[in-house]
Amino acid sequence: MATAYRELFATPGTPGLALAGLIARLPLPMTGIGIISLLSSLRGSYALAGAVSALFVLTYAIVSPQVSRLVDRRGQGRVLPIATAVSVFGLLLLAAATWRDAPDWTLFVAALFAGCMPSVSAMVRARWTALHRGRPLLQAAYSLETVLDELSFIAGPPIAVGLSIALMPQAGVLAAAVLLAIGVAALVAQRSTEPAVELIEATTHKQQPMIAFPGVLWLVVLMMAMGLIVGSIDITSVAFTAALGQPGAASLVLSAYALGSCTAGLLFGAWRMSLPLHRQLLLGGAATALTTVPLLYVTGTVQLASAVLLAGLFFAPTMIVAMSLIERRVPARRVTEGMTWLLAGLNVGVAAGAAVSGQVVDRFDSHAGFVVALCAGGVVLVTSWLTSRALQRSDHIDCSADPVGISGNLWVAAALALAALLTCAGARTLSRSA
C-alpha cells in the first residue's frame, strides 16, 4: 500500500497540492455548523439558524457546479479567486450582521453570497486527474482525496464550534473565511499542477447538460442517498449517546465511522481490482445498504461504535468508484464540473439526513433516527443497480448479462427482497418507538 502513495507523491508539486487542498476544503464543513453555532448563540433560535444554514448548503449545491463549469472553460487560476472572494464576502457579511444586530433578512443575503464557495475537493481531484489520467495511480489519488474529505468533516465542525465558544460567536465563521482565502490562494499559486484549459468551440452554450450524460444523474442521486446515511448517523449518534447518559461518547462513535471509511479508502486505493467499475459500484451499493441494518439493533455505545465502523468500511470505496466513473464518462474538459455535481449531491444528502433524522428523533426517540439511514440504504441499493444498468446500456453491453455473476432476474429479485427486509425492519423499529 505504501508503494502506491509513495509513487503518487513522487510527482513534483503534489505534496503542496494535497496540503493546500486540505486547508481550502475545511471551510465547507466549518461554515454549516459555524452558522448554527453563531445564530443559536446570538439570536436564540435554532429554527433561524437551521434555515440560514440550509440556504447556504442549497446555494452551494446549485452554484458550485456552475463555478466548476466556468473553471473547466476558463481555468482555475481565473475563476477560483473570484468565486472565493464572493464567498469570503458573504462570510464576513454574516459576521458583521450578527455583530451589528442587523435584521434577519441580511443573514439570508449573506448565506447566498457565502454559498458561492467553490468545490475545492473537485478542483484538487481535477488536478490529480490531469496528472495521472489513464494510470493506475489515479485510483490512489481519488482514495487519498476521499480520506482528506473525511478528515475535513471530522476536524472542521469541532474547530468551528471550539473557536466560537473559546473566542467569540463569530470566530468559527471568520476562521472559515480566512482558511478559504489562504487555501485557495495556495492552490491557485501552484500553476504546475493546474489542468490545461482546452479550446472549446463557439457552440459551447449548446453543449449537453452534465446530468444528461449516461449514469451521471443516477450517480448524483446515489451520492445524495449516501449523504443521507452520513447525516442521519451523525445526528442520531449524538441523540442516542445522550439518551444513554453518555453524551461525550458521540465523538468516539463518529470517529469510529470516519476510521472505518478512511482505512477502507486507503486500502482500496492501493488495491488493483480487475472487476469493471459498474460492477464495483453495484457491489459497493449493496454492501452499503446491508451495513445500515445492524444500526437498528444497537443497545449500547460499544455496539453503536462497532456498527458505524462497519458502515464506514464501504463508504469511501463506493465514493471512489463513483468518482472514477465520472472521470471516464464525461469529456476531459468537463471533469471538474462532473465531480462537483457528485460532491454537491453528497453535501445536500448530509444536510437533508441531519434535518430528517432530527425530526424523527423528536417525533419518536433517538433509536428511531437510524430508520432514516436504513431507508437511505435502500435508496443506495436501488440507485447503484439502476446506475450499473444505465452504464451497461451506454457501453452497448448486453443488459441481460449478469453484472455480478448471477442472472439479471435473480439480482432484481434479491434487490426487492432486501428492500422488503429493510422496510420491515424499519417499520418494526418505528412501531416499538411509537
Self-check item: Test log, rule side-chain contact (heavy atoms from CB on, under 4.5 Å), inputs Val52 and Arg43
Solution: CA-CA 12 Å; Val52 174; Arg43 298 296 172 97; over 6 Å; no
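- Proximity of Gln170 to Leu42: side-chain heavy atoms (C-beta onward) are separated by under 4.5 Å at one or more points.
- The nearest pair of heavy atoms linking Gly32 to Phe56 is N-CE2, 4.2 Å.
- Expressed to the nearest 0.5 Å, how far CD1 of Ile326 lies from CG of Leu343 amounts to 10.0 Å.
- You'll find the side chain of Trp128 reaches within 4.5 Å of the side chain of Thr14, heavy atoms only.
- Looking only at side-chain heavy atoms (C-beta outward), Pro294 and Leu310 come within less than 4.5 Å of each other.
- At a threshold of 4.0 Å, the pair Glu145-Arg127 does not count as salt-bridged, since none of the basic side-chain nitrogens sits closer than that to a carboxylate oxygen.
- The OG atom of Ser121 sits 7.5 Å away from the CG atom of Leu28 when rounded to the nearest 0.5 Å.
- One distance of note links CD1 of Ile35 with OG of Ser164; it measures 11.0 Å at 0.5 Å rounding.
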Exercise. Applying side-chain contact (heavy atoms from CB on, under 4.5 Å), run through Val188 and Thr84 and close with a yes or a no.
Key: CA-CA 11 Å; Val188 171; Thr84 300; over 6 Å; no
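- One N or O on the side chain of Ser324 and one on the backbone of Ile320 form a donor-acceptor pair closer than 3.5 Å.
- Counting all heavy atoms, side chain and backbone alike, Gly90 lies closest to Phe113 at CA-CB, 3.5 Å.
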Practice problem: Would you check, one step at a time, whether the test side-chain hydrogen bond (donor to acceptor under 3.5 Å, both in side chains) holds for Thr340 with Ser68? | Solution: CA-CA 7 Å; Thr340 302; Ser68 294; 2.4 Å; yes
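- Heavy atoms only, all atoms of each residue included: Thr106 and Ala97 are closest at OG1-CB, 3.6 Å.
- Contact annotation: the side chain of Thr129 approaches that of Leu138 to within less than 4.5 Å [non-hydrogen atoms, C-beta and beyond].
- Between Leu281 and Thr387, some side-chain heavy-atom pair lies under the 4.5 Å cut-off.
- Residues Ala373 and Ile229 share a closest heavy-atom pair of O-CG1, 3.8 Å.
- Side-chain contact check for Met168 versus Leu174: some heavy-atom pair is nearer than 4.5 Å.
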Exercise. Given side-chain contact (heavy atoms from CB on, under 4.5 Å), test Phe89 with Leu93 step by step and report yes or no.
Key: CA-CA 6 Å; Phe89 169 76; Leu93 178 62; 4.3 Å; yes
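- Residues Val184 and Met117 have side chains not in contact (no heavy-atom distance under 4.5 Å, counting atoms from C-beta outward).
- The line from OG of Ser384 to CZ of Arg389 is 12.5 Å long, rounded to the nearest 0.5 Å.
- How far CD1 of Ile23 is from CG of Leu148: 11.5 Å, rounded to the nearest 0.5 Å.
- Closest heavy-atom contact between Ala256 and Ala305: CB-O, 3.7 Å.
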Practice problem: Decide yes or no on side-chain contact (heavy atoms from CB on, under 4.5 Å) for Leu228 and Val379, but give the supporting numbers first. | Solution: CA-CA 10 Å; Leu228 281 170; Val379 178; 5.8 Å; no
Practice problem: Give the C-alpha distance, both sets of side-chain angles, the deciding distance and a yes or no for side-chain hydrogen bond (donor to acceptor under 3.5 Å, both in side chains) between Gln246 and Thr241. | Solution: CA-CA 5 Å; Gln246 301 172 324; Thr241 53; over 6 Å; no
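- Checked by atom type and distance alone, the side chain of Thr383 never pairs as donor or acceptor with a backbone atom of Val380 at under 3.5 Å.
- The aromatic rings of His367 and Phe370 stand perpendicular to each other, their planes meeting at an angle above 60°, with 30° marking the opposite boundary.
- Between the side chain of Arg69 and the backbone N or O of Pro65 there is no donor-acceptor pair closer than 3.5 Å.
- Of all non-hydrogen atoms in Val298 and Leu295, the two that sit nearest each other are CG2-O, 3.3 Å.
- Atom CG in Asp365 sits 9.0 Å away from atom CZ in Phe240 (nearest 0.5 Å).
- For the pair Leu346 and Met319, the minimum side-chain heavy-atom distance is below 4.5 Å.
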